[in-house]
Amino acid sequence: MAGKTAQIRNLALIGHSGCGKTSLAEALLFGAGSTSRLGKVDDGSSILDFEPEEIKRKITISTAFHHYQWKKHAVYLADTPGDDNFLADTRAALHVADAAVVVIDAVDGVKVGTEKVWLAANHYGLPRLIFINKMDRERADFEPVLKEAKDILEAPVVPLQIPIGKEAAFKGVVDLVATKAMVAAGGKLEAGPIPDDLKEEVEQYRNDLLNFAAESDDALIEKFLEEGELTPEEIYRGLRIGTLKGAIVPALCGASSSNLGPALLLDAINHFLPAPEDRGPVKGQKPGSGEEVVLEVDPDGPFAAQVFKTVADPYAGRLSIFRVYSGTVASDASFFNVTRAAAERYGQLFLPEGKGQKAVATAGPGAFAAVAKLKETVTGDTLATEGKPLLLPPLMASKPMVTLAVESKVRGEEDKVVASINKLIEEDPSLQLSRNTETKEILLSGVGSVHIEANMEKMKRKFGVEAVLKPQKVPYRETIKGTTKVQGKYKRQSGGRGQFGDTWLELEPLPRSSGFEFVDKIVGGAIPRNFIPSVEKGIAEAKEEGALAGFPTVDFRVTLYDGSFHEVDSSDMAFKIAGSMGFKKGVLQANPTLLEPIMKMTVTVPEANMGDIIGDLNGRRGRVLGMDAQGKNQVITAHVPMSEVLMYAPDLISKTGGRGTYDMEFDHYEEVPAHLAEKIINETKAAKEKE
């Protein structure tokens, strides 16, 4: 079996937004001859950033896939988003990738986005390379960026190259393994002598390189100590061993937009990144028992794959993209969806190529492959051979940070909006759809406002459905603080039989979260027994609309203790209305007040930002409950009114430079301060008058 997949590579390009990942991917594909032109992000000609939302914003929103052949190696690559709003897609790609190429901007250096994707790659234990991009830009500087990568990312970075020239004068690199200059000539890099002014620097960097290469292997270190030198093949072997173990992160540099340097990265990917078999056997669980199942990475073995992305196409239907771990999948066949316990038949097998797909007969370990129109399968599902089923680990879930209310732009099309959003959720599970029965709103939660807005644009383009986004309403409630006795009487005479219902009610407050209690204390037949449920029903319906500002009334007891009736005119309807009238009058006499939802927040921030964040939470009427250290961060727990943190995410990002995160869940209700309650009541009444 050994060596069957030795010339397969599978990788994700990761990095902060704007570092040039897509431009680098375009250069790799062009350099390997997989595409006939060098696509550019800036002019909208990119093969990989093809969605209109991506072209408009000039950022990657959705991971794109392609493949190429280079020096007898087949390479499958995923070009991932770097923007915080779309990192769920990046994590999904890292979940199934064997390795990562981390792209860092030579001008901006290591940013927060770089740290986040680096930590995600750490989570999956991925071997990786670093490519320092945009070396031809103004203020580009190789050494400070290299130092940042070592210090901030705490990475064992080993440069394989150093740049020749700076900024606009950047013209190539010195290959530290082959000890030769690779300089741009006629659109390609050609070998030449090392410039004299770089020889001392080259010697210093090369000594470090040799030390790292030798330390990876006992035989190499013995030879290096004896002879003080290693052959290029031995250096490659040593660096590869170290890279696969995570002890070394080789670094290269270049300028992808002018196609200077990516050609050497093609070789480095082949040399240093793992084949599927280098990542070890596939491990999963036996369905139902949790018992571990181990599959060797063998193209001839049992099939195992995982769907990690779904693309909803209004014309072609749903496209399921999966990573093959073991076995070989062929066109016009079937496989078993272990997650859903369902057999799935499919037609043509594809390899994704940006916007398009290439029809293929088979795909084996390491491949990113796709099939269309699966009936049961969704993102995260495991596909396998029915006779040898296993469940692969689930994809990492993303926590929504922002929730907005969604309204149909066209009255009466709410069902279309919900159906279209559900299709978007098939593509992007980091979106969450819910309905608030109290506020009667459709709520859409996402990683950030841009995440939600971009999906609404996509919905309009793909499904022709438009929606308006608004801040969600706060589900306030009403309650009473005092006790009162009140008459609820309904009397109506309009010719013929009239309506008559007369109730005496006592209203009193209950402890928080007690809800609503109805007590029947009628004695002596003051109200016939058959009308008493109608009184309760009238109060139960009226409490949902409140008497103060139209919010549901909670935490109170109503005792029906007296009343009267008419032999002819009394009815269920009359007593229902009487109960409702008595309730509304009684609430206004019993010191009514507003309650607001209080959220329990867990805010994780760097220690340096802790004081600012605590001050900000206090300014939002929050109460800090505690603080705990978590590595370099502090975790602040607090109770904060929901109305104060509806759009907390952008403020937290701004105050922490993007390093802060938070979780939030409903905890309890508390009374709204009087001055704010009056304002809310007036605003609510004004809004209702407009309606």
Check: Taking the six-membered ring where the residue is Trp, are the ring centres of Tyr76 and Phe65 under 6.0 Å apart?
Finding: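 No, too far apart.
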
Note to self: The test is salt bridge (Lys or Arg N to Asp or Glu O under 4.0 Å); show your working for Asp108 and Arg137 and say whether it passes.
What the structure shows: CA-CA 11 Å; Asp108 291 340; Arg137 301 288 175 92; over 6 Å; no

pair [X]-[Y]: side-chain heavy atoms closer than 4.5 Å:
X	Y	answer
Val174	Gln161	no
Val603	Met627	no
Thr379	Lys309	no
Thr382	Tyr325	no
Val101	Ile14	no

Note to self: For Phe86 and His451, take the angle between the two ring planes, folded into 0 to 90°, and tell me which bin it lands in: parallel under 30, tilted 30 to 60, perpendicular over 60.
What the structure shows: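 Ring orientation of Phe86 relative to His451: perpendicular.
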
Check: How are the rings of Phe272 and Tyr236 set to each other: parallel, tilted or perpendicular (split at 30° and 60°)?
Finding: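 Judged by the thresholds at 30° and 60°, the geometry between Phe272 and Tyr236 is tilted.
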
Margin query: Using side-chain contact (heavy atoms from CB on, under 4.5 Å), reason through His66 and Thr35 one step at a time and then give a plain yes or no.
Written below: CA-CA 10 Å; His66 218 298; Thr35 55; 4.1 Å; yes

Next item on the list: Applying side-chain contact (heavy atoms from CB on, under 4.5 Å) between Val605 and each of Ile636, Asn633, Thr661, report the one that passes.
Entry: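 Considering Ile636, Asn633, Thr661, a side-chain contact (heavy atoms from CB on, under 4.5 Å) with Val605 is found only for Ile636.
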
Checklist line | Carboxylate-amine/guanidinium proximity below 4.0 Å for Glu143 and Lys150 | finding: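 A salt bridge is absent here (no side-chain N lies under 4.0 Å from a carboxylate O).
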
Next item on the list: Answer yes when Glu229 and Lys223 have at least one side-chain N-carboxylate O distance shorter than 4.0 Å, and no when they do not.
Entry: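 Looking at Glu229 and Lys223, the cut-off is not met.
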
Check: What pairs of residues pass the ring-ring contact (aromatic ring centres under 6.0 Å, His included) test when at least one of them lies in residues 110-137, not counting sequence neighbours?
Finding: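 Sorted result for residues 110-137: His95-Tyr124.
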
Margin query: The criterion is salt bridge (charged side-chain N to carboxylate O under 4.0 Å, His left out); which residues satisfy it with Asp218, sequence neighbours excluded?
Written below: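 With neighbours one apart ignored, the set is empty.
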
Note to self: Quick one about Asp136 and Ser258 (side-chain donor to acceptor, distance below 3.5 Å, no hydrogens or angles considered), yes or no?
What the structure shows: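 Yes, a side-chain donor-acceptor pair sits under 3.5 Å.
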
